[in-house]
Amino acid sequence: MGVRKNQSKLTASERNLFVKAMLAIKRRGDYDDLVRIHTDRMTSDWDTGQPVGHISPSFLPWHREYLIRLEQALQSIDPRVTIPYWNWTVDRGRTSSPWTGSLLGGDGRPGDAQVTTGPFAYSTGNWTLNVRLDGRPYLTRAMGQSTPTLPTGSDLSAVLARTPYDASPWDTTPAGSFRNGVEGFSAAAHNQVHVWVGGHMLTSVSPNDPVFWMHHCFIDKCWADWCAAHPGLPYLPGGDTANVVDVNETMPPWNDMTPASLIDHTRFYTYA
Ligand code: CU
Ligand code: CU
């Protein structure tokens, strides 16, 4: 059980432990196995074509379990490590934390968008992409090029005020629901952050960029904050809904975790 912290508040030694553990699981192969799980789950899991991890109520519990799997791998290297979260409503600069040489490295360079600074630069020899969509083995970013802005604090407050958790037809269209908003179909939120970072974050192999985990950690914290702000409001759907993960249904590929088993995140970690 660990405490997940804001990435901007990490001490130098906490940053170093996180980076070292990431590089260790990359070397060991666990990291690429996790990237592959995400890529596989981008394609449809149901007759409707909807995937379980996205465009669906299970977006939040699926990624919660996915992050727990990464955190367990990191903690097998060093039990003190947790996933830091990136609050992009506050840390909005292109050269400030998390985009520093001691954490994630900076923007991609002009021309090929290759990340050339920090511990995840291809030139270090420690971050060669093995799960990729084309021949390029290096991580890419193109900050602010596909959308100029990150979501703001007021965008996020509006999303956190939304109820219910989700609504039929449980996809891109229930525009008033919390899940639809925080995923980013009817509000500036999760999706827009992927687009703002650009490069690999725009693709199905987005977990190749370590910022993926810090971004999703913040989205996960938003879910925890929403639950705390709306006590008693349940995960939906409750049951008997075709092509959607009901509260007591298991989620592929693990098939041993349900939304109900994941709703209380304090069973697994807490947020500082
Ligand atoms: Cu995802
Ligand atoms: Cu995402």
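Quantities reported herein were computed from a predicted structural model and do not represent experimental measurements.
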Problem set entry | S13 vs N16, side chain to side chain donor-acceptor pair (under 3.5 Å): CA-CA, chis, key distance, verdict | CA-CA 5 Å; S13 84; N16 191 35; over 6 Å; no
Exercise. What are the two closest heavy atoms between P151 and Q192, and how far apart are they?
Worked result: N-NE2, 3.9 Å
Problem set entry | ring pair (Phe, Tyr, Trp, His ring centres under 6.0 Å) contacts touching residues 124-163 (sequence neighbours left out) | Y31-W127, F120-W127
Exercise. Are D33 and R36 ion-paired here, with the side-chain N under 4.0 Å from a carboxylate O?
Worked result: yes
Problem set entry | Donor on one side chain, acceptor on other, T258 and N248, under 3.5 Å | no
Problem set entry | With sequence neighbours excluded, residues passing ring-ring contact (aromatic ring centres under 6.0 Å, His included) with Y235 | Y165
Exercise. Any luck finding a side-chain donor-acceptor pair between R28 and S76 under 3.5 Å?
Worked result: yes
Exercise. Any salt bridge between D112 and R141, counting N to O under 4.0 Å?
Worked result: no
Exercise. Crowded around D240 CG? As in, over 12 foreign heavy atoms under 6.0 Å?
Worked result: no
Exercise. R179 side chain to D171 main-chain N or O, any donor-acceptor pair under 3.5 Å?
Worked result: yes
For this session: Measure from the side-chain N and O atoms of R64 to the backbone N and O of I263, and report whether any donor-acceptor pair falls under 3.5 Å.
Result: yes
For this session: Using only heavy-atom distances, determine whether the side chains of T140 and Q114 contain a donor-acceptor pair under 3.5 Å.
Result: no
Exercise. Other hydrophobic cluster members with L236, side-chain heavy atoms of Ile/Leu/Val/Met/Phe/Trp/Tyr under 4.5 Å, chained?
Worked result: W170, V244
Exercise. Can you name the side chain to side chain donor-acceptor pair (under 3.5 Å) partners of T95, sequence neighbours left out?
Worked result: none
For this session: Look at the side chain of N6 and the backbone N and O of N87, then say whether any donor-acceptor pair between them is shorter than 3.5 Å.
Result: no
Problem set entry | Matching residue for H215 among W86, W196, W88 - test: side-chain hydrogen bond (donor to acceptor under 3.5 Å, both in side chains) | W88
Problem set entry | For F185, ring-ring contact (aromatic ring centres under 6.0 Å, His included) partners two or more places apart | none
For this session: Output yes when K20 and D78 qualify as a salt bridge under the 4.0 Å nitrogen-oxygen rule, no when they do not.
Result: no
Exercise. In chain order, what residues pass the ring-ring contact (aromatic ring centres under 6.0 Å, His included) check against H63, with sequence neighbours excluded?
Worked result: H38, H54, F59, H216
Exercise. Any chance the side chains of R162 and S186 put a donor and an acceptor closer than 3.5 Å?
Worked result: yes
Problem set entry | Geometric cation-pi criterion, R4 with Y269: 6.0 Å, 45° | yes
